[in-house]
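Written out below as C-alpha coordinates is the structure these notes cover.
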Amino acid sequence: MAAQGPSSSPLSGTSATSTSPQELPSTTPLTSTAISESPRESKASSPSPQPQLATPEDPLPIAAFYGPLDAKNPLLASFEKEIRELLGFMKKKQVLATTAEEKHEFHRRCATSLFNIWTKYAPRLPDDYYNEKLLKVGDSLCQMKFHALSAKNICNYQLLCDADVNLQNKESVSQCLSILFSLRLIMEVALPQEHLCWIIFNGTIYIYTICRKLMIVGQSSKALEYLLWASMCMESSVSLLSVRYLTWRATLYTAVCQCYYDCQGGVHGEAFARRGLAKIDELRQLELMSSSQSQDESKRYFREATIKMAVMIFKRGVFESRRKVKTIFRPKIRLNLKEAQSLPWPRTITDRLLDEMFDNSASRFLAVLEALSDPNRRILQTGPVVSDEVELRDVVSELFIAGKELLIISSIGPSGTIGFPNTPLTELMIERTNVISLDAAVKFIKLAFTYEEWGLFESLAMQLINFLQRQDDPQSKKAEKDLTLLIAIEPLINLKKNKGLILPLDSYKEGESAQIYLKHVVSHDSYVRNYGYSEDIFHLAAVLYVCVCNSPQDVQPDKEIVVDMIMFLWQKCKLGIQKISMSRNDYKKFTQKIHSNKVFLFCFPSDVFFCYC
(Lines give C-alpha, C1' and ligand atoms only; values in the text may rest on other atoms or scores of the structure.)
Protein backbone atom coordinates (compact mmCIF):
# COMPACT_ATOMS: atom_id res chain seq x y z
CA MET A 1 0.00 0.00 0.00
CA ALA A 2 2.69 2.43 0.97
CA ALA A 3 4.72 1.55 -2.07
CA GLN A 4 2.20 3.44 -4.19
CA GLY A 5 3.32 6.74 -2.64
CA PRO A 6 1.10 9.78 -2.37
CA SER A 7 -0.84 9.04 -5.55
CA SER A 8 -3.39 6.86 -3.68
CA SER A 9 -5.24 6.97 -0.43
CA PRO A 10 -4.75 3.68 1.49
CA LEU A 11 -7.36 4.51 4.08
CA SER A 12 -10.32 5.99 2.27
CA GLY A 13 -10.22 3.52 -0.57
CA THR A 14 -10.62 6.24 -3.17
CA SER A 15 -7.92 7.49 -5.50
CA ALA A 16 -6.31 10.82 -4.89
CA THR A 17 -5.52 13.24 -7.69
CA SER A 18 -2.99 11.97 -10.17
CA THR A 19 -0.86 15.06 -9.88
CA SER A 20 2.76 14.20 -9.10
CA PRO A 21 4.59 15.78 -6.15
CA GLN A 22 6.76 17.85 -8.52
CA GLU A 23 3.69 19.74 -9.71
CA LEU A 24 2.82 20.88 -6.22
CA PRO A 25 3.80 24.38 -5.10
CA SER A 26 6.68 24.63 -2.70
CA THR A 27 4.47 25.81 0.14
CA THR A 28 1.01 24.33 0.39
CA PRO A 29 -1.05 25.67 3.26
CA LEU A 30 -2.36 22.99 5.63
CA THR A 31 -6.02 23.81 6.24
CA SER A 32 -8.65 22.18 8.37
CA THR A 33 -10.70 21.54 5.26
CA ALA A 34 -7.88 19.47 3.78
CA ILE A 35 -7.54 17.49 6.97
CA SER A 36 -11.20 16.60 7.05
CA GLU A 37 -11.16 15.17 3.54
CA SER A 38 -8.46 12.51 3.85
CA PRO A 39 -5.42 11.74 6.03
CA ARG A 40 -2.95 12.19 3.21
CA GLU A 41 -4.74 14.65 0.91
CA SER A 42 -3.03 17.53 2.66
CA LYS A 43 0.24 16.16 1.27
CA ALA A 44 -1.15 15.30 -2.17
CA SER A 45 -3.69 18.05 -2.83
CA SER A 46 -4.61 19.69 -6.07
CA PRO A 47 -1.85 21.73 -7.74
CA SER A 48 -3.64 25.05 -7.26
CA PRO A 49 -5.49 25.09 -3.95
CA GLN A 50 -8.02 27.82 -3.52
CA PRO A 51 -7.29 30.25 -0.67
CA GLN A 52 -9.68 29.90 2.25
CA LEU A 53 -10.61 32.13 5.12
CA ALA A 54 -9.11 31.47 8.51
CA THR A 55 -11.24 29.43 10.87
CA PRO A 56 -11.33 29.48 14.64
CA GLU A 57 -9.91 25.93 14.71
CA ASP A 58 -6.21 25.77 13.89
CA PRO A 59 -4.70 22.45 12.67
CA LEU A 60 -3.04 20.29 15.32
CA PRO A 61 0.77 20.49 15.37
CA ILE A 62 2.76 17.85 13.53
CA ALA A 63 5.11 15.37 15.23
CA ALA A 64 8.20 17.50 14.66
CA PHE A 65 6.65 20.22 16.82
CA TYR A 66 7.26 18.07 19.92
CA GLY A 67 10.92 17.44 19.27
CA PRO A 68 12.99 14.67 17.67
CA LEU A 69 11.13 11.79 16.05
CA ASP A 70 12.11 9.16 18.59
CA ALA A 71 10.46 7.08 21.30
CA LYS A 72 10.25 10.11 23.61
CA ASN A 73 8.11 12.07 21.17
CA PRO A 74 4.65 12.23 22.83
CA LEU A 75 2.76 12.15 19.53
CA LEU A 76 4.61 9.09 18.26
CA ALA A 77 4.29 7.40 21.65
CA SER A 78 0.54 8.00 21.71
CA PHE A 79 0.18 6.67 18.17
CA GLU A 80 2.23 3.54 18.94
CA LYS A 81 0.17 2.88 22.07
CA GLU A 82 -3.17 3.04 20.26
CA ILE A 83 -1.97 0.77 17.46
CA ARG A 84 -0.52 -1.70 19.95
CA GLU A 85 -3.70 -1.80 22.03
CA LEU A 86 -5.89 -2.35 18.97
CA LEU A 87 -3.74 -5.20 17.65
CA GLY A 88 -3.69 -6.78 21.09
CA PHE A 89 -7.47 -6.55 21.26
CA MET A 90 -7.79 -8.19 17.85
CA LYS A 91 -5.52 -11.09 18.82
CA LYS A 92 -7.50 -11.81 21.98
CA LYS A 93 -11.02 -11.39 20.63
CA GLN A 94 -10.82 -12.90 17.15
CA VAL A 95 -11.21 -16.46 18.48
CA LEU A 96 -14.43 -15.53 20.29
CA ALA A 97 -16.26 -14.70 17.06
CA THR A 98 -17.76 -17.99 15.92
CA THR A 99 -20.86 -17.28 13.83
CA ALA A 100 -20.78 -15.44 10.50
CA GLU A 101 -22.60 -12.46 11.98
CA GLU A 102 -20.18 -12.19 14.90
CA LYS A 103 -17.17 -12.40 12.59
CA HIS A 104 -18.62 -9.71 10.32
CA GLU A 105 -19.31 -7.41 13.26
CA PHE A 106 -15.84 -8.03 14.71
CA HIS A 107 -14.13 -7.24 11.40
CA ARG A 108 -16.26 -4.12 10.94
CA ARG A 109 -15.42 -2.74 14.38
CA CYS A 110 -11.71 -3.46 14.03
CA ALA A 111 -11.53 -1.94 10.54
CA THR A 112 -13.39 1.18 11.71
CA SER A 113 -11.14 1.59 14.74
CA LEU A 114 -7.99 1.16 12.66
CA PHE A 115 -9.21 3.63 10.06
CA ASN A 116 -10.01 6.18 12.75
CA ILE A 117 -6.50 5.90 14.15
CA TRP A 118 -4.95 6.47 10.73
CA THR A 119 -7.28 9.39 10.07
CA LYS A 120 -6.41 10.91 13.41
CA TYR A 121 -2.62 10.71 13.12
CA ALA A 122 -1.84 10.56 9.39
CA PRO A 123 -1.75 14.34 8.71
CA ARG A 124 0.62 14.84 11.61
CA LEU A 125 3.12 12.09 10.77
CA PRO A 126 6.06 12.25 8.34
CA ASP A 127 5.56 10.37 5.08
CA ASP A 128 8.37 7.85 5.62
CA TYR A 129 7.26 7.11 9.16
CA TYR A 130 3.64 6.78 8.05
CA ASN A 131 4.48 4.37 5.22
CA GLU A 132 6.72 2.25 7.45
CA LYS A 133 4.05 1.89 10.14
CA LEU A 134 1.43 1.12 7.52
CA LEU A 135 3.52 -1.78 6.27
CA LYS A 136 4.22 -3.05 9.79
CA VAL A 137 0.54 -3.01 10.74
CA GLY A 138 -0.30 -4.84 7.55
CA ASP A 139 2.39 -7.39 8.34
CA SER A 140 0.97 -7.85 11.84
CA LEU A 141 -2.50 -8.44 10.42
CA CYS A 142 -1.02 -10.97 7.99
CA GLN A 143 0.67 -12.81 10.85
CA MET A 144 -2.60 -12.86 12.77
CA LYS A 145 -4.26 -14.38 9.72
CA PHE A 146 -1.58 -17.11 9.54
CA HIS A 147 -1.94 -17.78 13.23
CA ALA A 148 -5.73 -17.97 12.96
CA LEU A 149 -5.55 -20.43 10.06
CA SER A 150 -3.06 -22.64 11.92
CA ALA A 151 -5.22 -22.56 15.05
CA LYS A 152 -8.26 -23.50 13.00
CA ASN A 153 -6.43 -26.53 11.60
CA ILE A 154 -5.34 -27.70 15.03
CA CYS A 155 -8.88 -27.27 16.39
CA ASN A 156 -10.20 -29.36 13.51
CA TYR A 157 -7.61 -32.02 14.31
CA GLN A 158 -8.60 -32.10 17.99
CA LEU A 159 -12.26 -32.43 17.08
CA LEU A 160 -11.37 -35.23 14.69
CA CYS A 161 -9.46 -37.11 17.41
CA ASP A 162 -12.35 -36.68 19.83
CA ALA A 163 -14.68 -38.30 17.30
CA ASP A 164 -12.27 -41.04 16.17
CA VAL A 165 -9.41 -41.56 18.62
CA ASN A 166 -7.60 -44.26 16.65
CA LEU A 167 -8.41 -42.86 13.19
CA GLN A 168 -10.13 -46.10 12.24
CA ASN A 169 -12.27 -44.56 9.50
CA LYS A 170 -10.79 -43.76 6.12
CA GLU A 171 -12.49 -40.37 6.24
CA SER A 172 -10.59 -39.53 9.43
CA VAL A 173 -7.25 -40.27 7.78
CA SER A 174 -8.28 -38.22 4.75
CA GLN A 175 -9.21 -35.28 6.98
CA CYS A 176 -5.81 -35.51 8.72
CA LEU A 177 -4.10 -35.35 5.35
CA SER A 178 -6.22 -32.34 4.38
CA ILE A 179 -5.18 -30.57 7.58
CA LEU A 180 -1.53 -31.38 6.90
CA PHE A 181 -1.88 -30.03 3.36
CA SER A 182 -3.38 -26.80 4.67
CA LEU A 183 -0.56 -26.38 7.18
CA ARG A 184 2.00 -26.92 4.45
CA LEU A 185 0.36 -24.22 2.31
CA ILE A 186 0.55 -21.74 5.18
CA MET A 187 4.22 -22.54 5.68
CA GLU A 188 4.93 -22.20 1.95
CA VAL A 189 3.60 -18.64 2.00
CA ALA A 190 5.46 -17.71 5.18
CA LEU A 191 8.77 -19.41 4.35
CA PRO A 192 10.26 -16.67 2.14
CA GLN A 193 9.70 -14.07 4.86
CA GLU A 194 12.37 -14.62 7.49
CA HIS A 195 10.59 -12.57 10.15
CA LEU A 196 7.74 -15.12 10.01
CA CYS A 197 10.04 -17.92 11.17
CA TRP A 198 7.89 -18.45 14.24
CA ILE A 199 5.03 -19.51 11.95
CA ILE A 200 7.37 -22.04 10.34
CA PHE A 201 8.48 -23.36 13.73
CA ASN A 202 4.92 -23.72 15.03
CA GLY A 203 3.92 -25.36 11.76
CA THR A 204 6.59 -28.04 12.17
CA ILE A 205 5.24 -28.78 15.65
CA TYR A 206 1.68 -29.12 14.33
CA ILE A 207 2.81 -31.35 11.48
CA TYR A 208 4.87 -33.55 13.80
CA THR A 209 1.95 -33.95 16.21
CA ILE A 210 -0.44 -35.11 13.50
CA CYS A 211 2.15 -37.30 11.77
CA ARG A 212 3.03 -39.09 15.01
CA LYS A 213 -0.65 -40.00 15.33
CA LEU A 214 -0.64 -41.35 11.79
CA MET A 215 2.50 -43.35 12.50
CA ILE A 216 0.94 -44.90 15.59
CA VAL A 217 -2.09 -46.12 13.61
CA GLY A 218 0.09 -47.57 10.84
CA GLN A 219 -0.04 -44.73 8.31
CA SER A 220 3.67 -43.91 8.21
CA SER A 221 3.72 -43.88 4.42
CA LYS A 222 1.25 -40.98 4.38
CA ALA A 223 3.08 -39.07 7.12
CA LEU A 224 6.52 -39.33 5.53
CA GLU A 225 6.26 -36.52 2.97
CA TYR A 226 4.99 -34.01 5.53
CA LEU A 227 7.73 -34.85 8.02
CA LEU A 228 10.25 -34.41 5.23
CA TRP A 229 8.71 -31.04 4.45
CA ALA A 230 8.93 -30.00 8.11
CA SER A 231 12.60 -31.02 8.22
CA MET A 232 13.42 -29.07 5.08
CA CYS A 233 11.62 -25.99 6.45
CA MET A 234 13.79 -26.06 9.56
CA GLU A 235 16.85 -26.12 7.31
CA SER A 236 15.56 -23.32 5.03
CA SER A 237 15.05 -20.73 7.76
CA VAL A 238 18.23 -18.98 8.89
CA SER A 239 16.76 -18.18 12.30
CA LEU A 240 15.79 -21.83 12.88
CA LEU A 241 19.28 -23.09 12.00
CA SER A 242 20.66 -21.93 15.34
CA VAL A 243 21.79 -24.36 18.04
CA ARG A 244 18.74 -23.45 20.10
CA TYR A 245 16.50 -25.41 17.70
CA LEU A 246 18.90 -28.30 17.08
CA THR A 247 17.12 -30.69 19.44
CA TRP A 248 13.82 -30.17 17.67
CA ARG A 249 15.44 -30.54 14.25
CA ALA A 250 16.96 -33.85 15.36
CA THR A 251 13.53 -34.98 16.55
CA LEU A 252 12.12 -34.33 13.08
CA TYR A 253 15.05 -36.16 11.49
CA THR A 254 14.41 -39.13 13.76
CA ALA A 255 10.72 -39.21 12.87
CA VAL A 256 11.60 -39.26 9.16
CA CYS A 257 13.98 -42.18 9.72
CA GLN A 258 11.34 -44.07 11.69
CA CYS A 259 8.86 -43.58 8.85
CA TYR A 260 11.34 -45.04 6.39
CA TYR A 261 11.93 -48.04 8.65
CA ASP A 262 8.18 -48.52 9.14
CA CYS A 263 7.76 -48.59 5.35
CA GLN A 264 10.51 -51.21 5.00
CA GLY A 265 12.84 -48.60 3.55
CA GLY A 266 15.77 -49.16 5.85
CA VAL A 267 18.29 -48.05 3.22
CA HIS A 268 16.64 -44.64 2.96
CA GLY A 269 16.25 -44.41 6.73
CA GLU A 270 19.97 -44.96 7.32
CA ALA A 271 20.87 -42.58 4.47
CA PHE A 272 18.69 -39.83 5.91
CA ALA A 273 20.22 -40.38 9.36
CA ARG A 274 23.71 -40.00 7.91
CA ARG A 275 22.58 -36.86 6.10
CA GLY A 276 21.23 -35.49 9.38
CA LEU A 277 24.51 -36.31 11.08
CA ALA A 278 26.36 -34.34 8.41
CA LYS A 279 24.04 -31.34 8.90
CA ILE A 280 24.66 -31.47 12.63
CA ASP A 281 28.41 -31.54 12.05
CA GLU A 282 28.14 -28.50 9.74
CA LEU A 283 26.40 -26.57 12.48
CA ARG A 284 29.03 -27.70 14.98
CA GLN A 285 31.79 -26.30 12.78
CA LEU A 286 29.97 -22.96 12.55
CA GLU A 287 29.45 -22.94 16.30
CA LEU A 288 33.14 -23.45 16.93
CA MET A 289 33.81 -20.20 15.06
CA SER A 290 31.35 -18.33 17.27
CA SER A 291 31.33 -17.80 21.02
CA SER A 292 27.78 -16.44 21.21
CA GLN A 293 26.52 -19.32 23.33
CA SER A 294 27.95 -21.14 26.29
CA GLN A 295 29.97 -24.19 25.29
CA ASP A 296 28.38 -26.46 27.90
CA GLU A 297 24.87 -25.75 26.68
CA SER A 298 25.88 -26.20 23.05
CA LYS A 299 27.57 -29.51 23.79
CA ARG A 300 24.35 -30.86 25.30
CA TYR A 301 22.38 -29.96 22.19
CA PHE A 302 24.96 -31.48 19.86
CA ARG A 303 25.34 -34.61 21.95
CA GLU A 304 21.61 -35.34 22.05
CA ALA A 305 21.19 -34.76 18.32
CA THR A 306 24.24 -36.88 17.47
CA ILE A 307 23.06 -39.81 19.61
CA LYS A 308 19.62 -39.76 18.00
CA MET A 309 21.13 -39.99 14.54
CA ALA A 310 23.62 -42.65 15.63
CA VAL A 311 20.78 -44.78 16.99
CA MET A 312 18.98 -44.57 13.64
CA ILE A 313 22.17 -45.63 11.86
CA PHE A 314 22.74 -48.51 14.29
CA LYS A 315 19.16 -49.75 13.76
CA ARG A 316 20.02 -50.96 10.28
CA GLY A 317 23.78 -51.22 10.49
CA VAL A 318 23.76 -53.87 13.21
CA PHE A 319 21.86 -56.23 10.89
CA GLU A 320 23.31 -55.28 7.50
CA SER A 321 26.86 -55.77 8.67
CA ARG A 322 26.08 -59.43 9.32
CA ARG A 323 24.27 -60.32 6.12
CA LYS A 324 26.00 -62.89 3.98
CA VAL A 325 27.21 -61.87 0.53
CA LYS A 326 25.60 -64.46 -1.73
CA THR A 327 28.26 -64.21 -4.42
CA ILE A 328 31.04 -65.15 -2.01
CA PHE A 329 31.14 -68.42 -0.11
CA ARG A 330 32.95 -67.97 3.17
CA PRO A 331 32.16 -70.47 5.89
CA LYS A 332 31.90 -68.77 9.26
CA ILE A 333 32.37 -70.23 12.71
CA ARG A 334 29.29 -69.24 14.71
CA LEU A 335 29.69 -68.18 18.29
CA ASN A 336 27.95 -70.37 20.86
CA LEU A 337 25.60 -67.77 22.34
CA LYS A 338 24.73 -69.89 25.38
CA GLU A 339 28.37 -70.06 26.38
CA ALA A 340 29.06 -66.46 25.40
CA GLN A 341 26.65 -65.16 28.05
CA SER A 342 29.12 -66.09 30.77
CA LEU A 343 32.00 -64.19 29.15
CA PRO A 344 32.98 -60.61 30.06
CA TRP A 345 31.83 -57.63 27.98
CA PRO A 346 32.30 -57.23 25.03
CA ARG A 347 31.47 -60.79 24.05
CA THR A 348 29.83 -60.55 20.63
CA ILE A 349 30.10 -58.48 17.45
CA THR A 350 27.04 -56.53 18.57
CA ASP A 351 28.68 -55.65 21.88
CA ARG A 352 31.74 -54.33 20.10
CA LEU A 353 29.64 -52.27 17.70
CA LEU A 354 27.80 -50.72 20.65
CA ASP A 355 31.13 -49.85 22.24
CA GLU A 356 32.35 -48.21 19.03
CA MET A 357 29.27 -46.06 18.47
CA PHE A 358 28.22 -45.14 22.04
CA ASP A 359 30.07 -44.27 25.22
CA ASN A 360 27.61 -45.07 28.05
CA SER A 361 25.01 -47.63 29.08
CA ALA A 362 22.02 -45.33 28.58
CA SER A 363 22.75 -44.61 24.91
CA ARG A 364 23.69 -48.26 24.23
CA PHE A 365 20.45 -49.45 25.78
CA LEU A 366 18.48 -46.98 23.65
CA ALA A 367 20.18 -48.37 20.55
CA VAL A 368 19.27 -51.92 21.59
CA LEU A 369 15.62 -50.97 22.09
CA GLU A 370 15.40 -49.20 18.74
CA ALA A 371 17.03 -52.09 16.89
CA LEU A 372 14.59 -54.61 18.40
CA SER A 373 11.47 -52.47 18.04
CA ASP A 374 9.02 -53.13 15.21
CA PRO A 375 6.02 -50.75 15.15
CA ASN A 376 4.16 -53.12 12.80
CA ARG A 377 4.18 -55.82 15.46
CA ARG A 378 1.90 -55.85 18.50
CA ILE A 379 3.12 -57.06 21.89
CA LEU A 380 1.01 -60.23 21.88
CA GLN A 381 2.11 -61.15 18.35
CA THR A 382 4.83 -63.39 19.71
CA GLY A 383 7.46 -65.29 17.81
CA PRO A 384 11.10 -65.10 16.71
CA VAL A 385 12.34 -62.68 14.08
CA VAL A 386 10.95 -63.52 10.64
CA SER A 387 14.06 -64.27 8.58
CA ASP A 388 15.64 -67.24 6.87
CA GLU A 389 19.12 -65.90 7.57
CA VAL A 390 20.67 -67.43 10.66
CA GLU A 391 22.98 -64.44 11.05
CA LEU A 392 20.04 -62.06 11.55
CA ARG A 393 18.49 -64.31 14.18
CA ASP A 394 21.86 -64.34 15.93
CA VAL A 395 21.90 -60.53 15.91
CA VAL A 396 18.53 -60.46 17.70
CA SER A 397 19.83 -62.86 20.34
CA GLU A 398 22.99 -60.79 20.75
CA LEU A 399 20.89 -57.66 21.21
CA PHE A 400 18.97 -59.31 24.03
CA ILE A 401 22.22 -60.52 25.60
CA ALA A 402 23.59 -56.99 25.45
CA GLY A 403 20.36 -55.48 26.79
CA LYS A 404 20.28 -57.90 29.71
CA GLU A 405 23.91 -57.15 30.58
CA LEU A 406 23.35 -53.38 30.41
CA LEU A 407 20.25 -53.68 32.57
CA ILE A 408 22.06 -55.74 35.21
CA ILE A 409 25.09 -53.46 35.33
CA SER A 410 23.12 -50.23 35.56
CA SER A 411 20.05 -51.15 37.62
CA ILE A 412 20.68 -54.21 39.79
CA GLY A 413 22.69 -53.71 42.95
CA PRO A 414 25.03 -56.14 44.73
CA SER A 415 22.16 -57.45 46.86
CA GLY A 416 20.16 -58.38 43.76
CA THR A 417 17.54 -55.64 44.16
CA ILE A 418 16.61 -53.52 41.18
CA GLY A 419 16.19 -49.74 41.09
CA PHE A 420 15.59 -46.94 38.59
CA PRO A 421 15.82 -43.14 38.72
CA ASN A 422 12.92 -40.81 37.92
CA THR A 423 14.78 -39.40 34.93
CA PRO A 424 14.03 -39.87 31.22
CA LEU A 425 16.46 -42.00 29.27
CA THR A 426 17.28 -39.03 27.02
CA GLU A 427 18.58 -37.02 29.96
CA LEU A 428 20.60 -39.96 31.21
CA MET A 429 22.36 -40.49 27.90
CA ILE A 430 23.14 -36.77 27.55
CA GLU A 431 24.77 -36.82 30.99
CA ARG A 432 26.79 -39.90 29.99
CA THR A 433 25.45 -41.92 32.92
CA ASN A 434 25.46 -45.69 33.12
CA VAL A 435 21.87 -45.79 34.36
CA ILE A 436 18.67 -46.90 32.62
CA SER A 437 15.22 -45.37 33.06
CA LEU A 438 12.13 -47.25 34.20
CA ASP A 439 10.15 -46.89 30.98
CA ALA A 440 13.11 -48.20 28.96
CA ALA A 441 13.37 -51.29 31.20
CA VAL A 442 9.63 -51.98 30.84
CA LYS A 443 9.88 -51.72 27.07
CA PHE A 444 12.81 -54.16 27.02
CA ILE A 445 10.86 -56.71 29.07
CA LYS A 446 7.88 -56.40 26.70
CA LEU A 447 10.22 -57.02 23.77
CA ALA A 448 11.51 -60.17 25.48
CA PHE A 449 7.88 -61.34 25.71
CA THR A 450 7.24 -60.59 22.02
CA TYR A 451 10.38 -62.43 20.86
CA GLU A 452 9.54 -65.40 23.16
CA GLU A 453 12.59 -65.13 25.37
CA TRP A 454 10.49 -66.55 28.19
CA GLY A 455 13.20 -67.14 30.77
CA LEU A 456 14.54 -63.62 30.44
CA PHE A 457 11.03 -62.16 30.40
CA GLU A 458 9.75 -63.87 33.52
CA SER A 459 12.87 -63.27 35.62
CA LEU A 460 13.12 -59.58 34.71
CA ALA A 461 9.37 -59.02 34.98
CA MET A 462 9.20 -60.36 38.52
CA GLN A 463 12.25 -58.35 39.57
CA LEU A 464 10.70 -55.20 38.16
CA ILE A 465 7.28 -55.88 39.69
CA ASN A 466 8.89 -56.14 43.12
CA PHE A 467 10.33 -52.68 42.55
CA LEU A 468 7.10 -51.24 41.14
CA GLN A 469 5.06 -52.40 44.12
CA ARG A 470 7.06 -50.03 46.30
CA GLN A 471 6.29 -47.04 44.06
CA ASP A 472 3.23 -44.80 44.28
CA ASP A 473 3.28 -42.85 41.03
CA PRO A 474 0.73 -43.66 38.25
CA GLN A 475 3.43 -44.54 35.73
CA SER A 476 4.79 -47.30 37.98
CA LYS A 477 1.34 -48.67 38.78
CA LYS A 478 0.44 -48.75 35.09
CA ALA A 479 3.67 -50.59 34.26
CA GLU A 480 2.93 -53.10 37.04
CA LYS A 481 -0.49 -53.83 35.52
CA ASP A 482 1.03 -54.36 32.07
CA LEU A 483 3.62 -56.83 33.32
CA THR A 484 1.06 -58.64 35.46
CA LEU A 485 -1.16 -59.26 32.45
CA LEU A 486 1.76 -60.52 30.37
CA ILE A 487 2.81 -62.92 33.14
CA ALA A 488 -0.76 -64.21 33.36
CA ILE A 489 -1.06 -64.94 29.63
CA GLU A 490 2.43 -66.39 29.18
CA PRO A 491 1.41 -70.03 30.10
CA LEU A 492 -1.31 -69.93 27.44
CA ILE A 493 1.13 -68.85 24.72
CA ASN A 494 4.21 -70.78 25.80
CA LEU A 495 2.50 -74.15 25.75
CA LYS A 496 5.76 -76.07 25.33
CA LYS A 497 7.28 -74.34 28.38
CA ASN A 498 10.32 -73.17 26.44
CA LYS A 499 12.77 -70.83 28.15
CA GLY A 500 14.38 -69.27 25.11
CA LEU A 501 18.04 -68.81 24.31
CA ILE A 502 18.78 -66.01 26.81
CA LEU A 503 19.41 -67.23 30.32
CA PRO A 504 17.25 -65.82 33.16
CA LEU A 505 18.68 -63.87 36.06
CA ASP A 506 20.79 -65.99 38.37
CA SER A 507 18.78 -65.13 41.48
CA TYR A 508 15.41 -66.08 39.99
CA LYS A 509 13.58 -69.27 40.95
CA GLU A 510 11.64 -70.43 37.94
CA GLY A 511 7.85 -70.49 38.24
CA GLU A 512 7.50 -70.09 41.98
CA SER A 513 7.55 -66.28 42.23
CA ALA A 514 5.16 -65.76 39.31
CA GLN A 515 2.57 -68.24 40.59
CA ILE A 516 2.59 -66.81 44.11
CA TYR A 517 2.29 -63.28 42.81
CA LEU A 518 -0.66 -64.02 40.50
CA LYS A 519 -2.53 -65.82 43.28
CA HIS A 520 -2.07 -62.75 45.44
CA VAL A 521 -3.41 -60.47 42.68
CA VAL A 522 -6.80 -62.22 42.47
CA SER A 523 -7.06 -63.58 46.03
CA HIS A 524 -9.49 -60.87 47.10
CA ASP A 525 -12.19 -61.78 44.57
CA SER A 526 -14.87 -64.23 45.63
CA TYR A 527 -15.50 -65.69 42.18
CA VAL A 528 -11.88 -66.83 42.07
CA ARG A 529 -11.99 -68.44 45.49
CA ASN A 530 -15.11 -70.37 44.49
CA TYR A 531 -13.57 -71.96 41.41
CA GLY A 532 -9.86 -72.24 42.21
CA TYR A 533 -6.89 -71.80 39.89
CA SER A 534 -6.87 -75.04 37.92
CA GLU A 535 -7.53 -73.49 34.51
CA ASP A 536 -5.14 -70.97 32.95
CA ILE A 537 -7.85 -69.37 30.80
CA PHE A 538 -10.13 -68.75 33.77
CA HIS A 539 -7.18 -67.47 35.72
CA LEU A 540 -6.18 -65.06 32.95
CA ALA A 541 -9.71 -63.67 32.75
CA ALA A 542 -9.76 -63.14 36.49
CA VAL A 543 -6.45 -61.25 36.42
CA LEU A 544 -7.67 -59.15 33.48
CA TYR A 545 -10.85 -58.28 35.35
CA VAL A 546 -8.93 -57.22 38.44
CA CYS A 547 -6.35 -55.14 36.53
CA VAL A 548 -8.97 -53.28 34.50
CA CYS A 549 -12.11 -52.98 36.59
CA ASN A 550 -10.45 -52.57 39.98
CA SER A 551 -8.00 -49.87 38.86
CA PRO A 552 -8.57 -46.10 38.64
CA GLN A 553 -8.51 -44.43 35.26
CA ASP A 554 -5.02 -42.97 35.62
CA VAL A 555 -3.41 -46.41 36.11
CA GLN A 556 -5.26 -48.41 33.48
CA PRO A 557 -3.08 -50.96 31.65
CA ASP A 558 -2.06 -50.58 28.03
CA LYS A 559 -5.10 -50.55 25.72
CA GLU A 560 -3.35 -52.70 23.15
CA ILE A 561 -2.65 -55.44 25.69
CA VAL A 562 -6.19 -55.36 27.09
CA VAL A 563 -7.92 -55.50 23.70
CA ASP A 564 -5.68 -58.30 22.45
CA MET A 565 -6.30 -60.31 25.62
CA ILE A 566 -10.07 -59.91 25.28
CA MET A 567 -9.82 -61.15 21.69
CA PHE A 568 -7.59 -64.01 22.86
CA LEU A 569 -10.18 -65.08 25.45
CA TRP A 570 -12.97 -64.78 22.95
CA GLN A 571 -11.16 -67.01 20.43
CA LYS A 572 -10.66 -69.63 23.13
CA CYS A 573 -14.25 -69.52 24.33
CA LYS A 574 -16.38 -68.99 21.24
CA LEU A 575 -16.14 -72.65 20.15
CA GLY A 576 -17.66 -73.70 23.43
CA ILE A 577 -20.38 -71.08 23.16
CA GLN A 578 -21.30 -72.20 19.64
CA LYS A 579 -21.96 -75.74 20.91
CA ILE A 580 -24.40 -74.54 23.51
CA SER A 581 -28.02 -74.50 22.40
CA MET A 582 -30.36 -73.36 25.14
CA SER A 583 -33.20 -70.99 25.82
CA ARG A 584 -32.80 -67.73 27.67
CA ASN A 585 -34.43 -69.16 30.82
CA ASP A 586 -31.99 -72.06 30.96
CA TYR A 587 -28.97 -69.72 30.78
CA LYS A 588 -28.93 -69.25 34.56
CA LYS A 589 -27.66 -72.81 34.94
CA PHE A 590 -24.46 -71.80 33.13
CA THR A 591 -23.69 -68.43 34.70
CA GLN A 592 -20.68 -69.65 36.67
CA LYS A 593 -18.60 -71.94 34.49
CA ILE A 594 -19.08 -73.73 31.19
CA HIS A 595 -16.91 -76.66 30.30
CA SER A 596 -16.76 -77.75 26.71
CA ASN A 597 -13.84 -79.60 25.17
CA LYS A 598 -11.60 -78.61 28.10
CA VAL A 599 -12.28 -74.91 27.53
CA PHE A 600 -13.58 -72.77 30.39
CA LEU A 601 -15.66 -69.65 29.82
CA PHE A 602 -15.12 -66.81 32.22
CA CYS A 603 -18.44 -65.39 33.33
CA PHE A 604 -17.50 -61.73 33.17
CA PRO A 605 -15.78 -60.98 29.85
CA SER A 606 -18.48 -58.45 28.91
CA ASP A 607 -17.99 -56.74 32.29
CA VAL A 608 -14.28 -56.43 31.58
CA PHE A 609 -14.91 -55.02 28.13
CA PHE A 610 -17.47 -52.45 29.16
CA CYS A 611 -15.53 -51.50 32.28
CA TYR A 612 -12.50 -50.80 30.12
CA CYS A 613 -14.34 -48.89 27.41
Q. Within 45 degrees of the axis of the six-membered ring of Phe314 and under 6.0 Å from its centre: does Arg364 put its NZ or CZ there?
A.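 Negative - Arg364 is either too far from the ring of Phe314 or too far off its axis.
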Short side-chain donor-acceptor distance under 3.5 Å, [Y] and [X]:
X	Y	value
Ser363	Arg432	no
Glu235	Tyr253	yes
Ser239	Glu194	yes
Ser298	Glu287	yes
Glu398	Thr350	yes

Q: For the residue pair Phe400 and Tyr451, categorise the inter-ring angle as parallel (less than 30°), tilted (30 to 60°) or perpendicular (more than 60°).
A: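 Phe400 vs Tyr451 ring planes: perpendicular.
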Q | Asp482/Lys478 salt bridge by N-O under 4.0 Å criterion | A |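 Yes.
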Q. Can you tell me how far the CZ atom of Arg284 sits from the CZ atom of Arg303, to the nearest 0.5 Å?
A.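 Output value for this atom pair is 11.0 Å.
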Q) Distance from Ser150 atom OG to Ile186 atom CD1, nearest 0.5 Å? A)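 With rounding to 0.5 Å, OG (Ser150) is 4.0 Å from CD1 (Ile186).
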Q. Can you check whether Leu180 reaches Leu177 side chain to side chain, under 4.5 Å on heavy atoms?
A.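 SC-SC contact between Leu180 and Leu177 confirmed.
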Q: Decide if the gap between the ring center of Tyr206 and the ring center of Tyr157 is smaller than 6.0 angstrom.
A: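 For Tyr206 and Tyr157, the ring centres are not under 6.0 Å apart.
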Q.
Is it the case that the ring center of Phe444 lies less than 6.0 angstrom away from the ring center of Phe365?
A.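 Phe365 vs Phe444: aromatic centres under 6.0 Å.
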**Q.** For Phe467, ring pair (Phe, Tyr, Trp, His ring centres under 6.0 Å) partners two or more places apart
**A.**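 Phe420.
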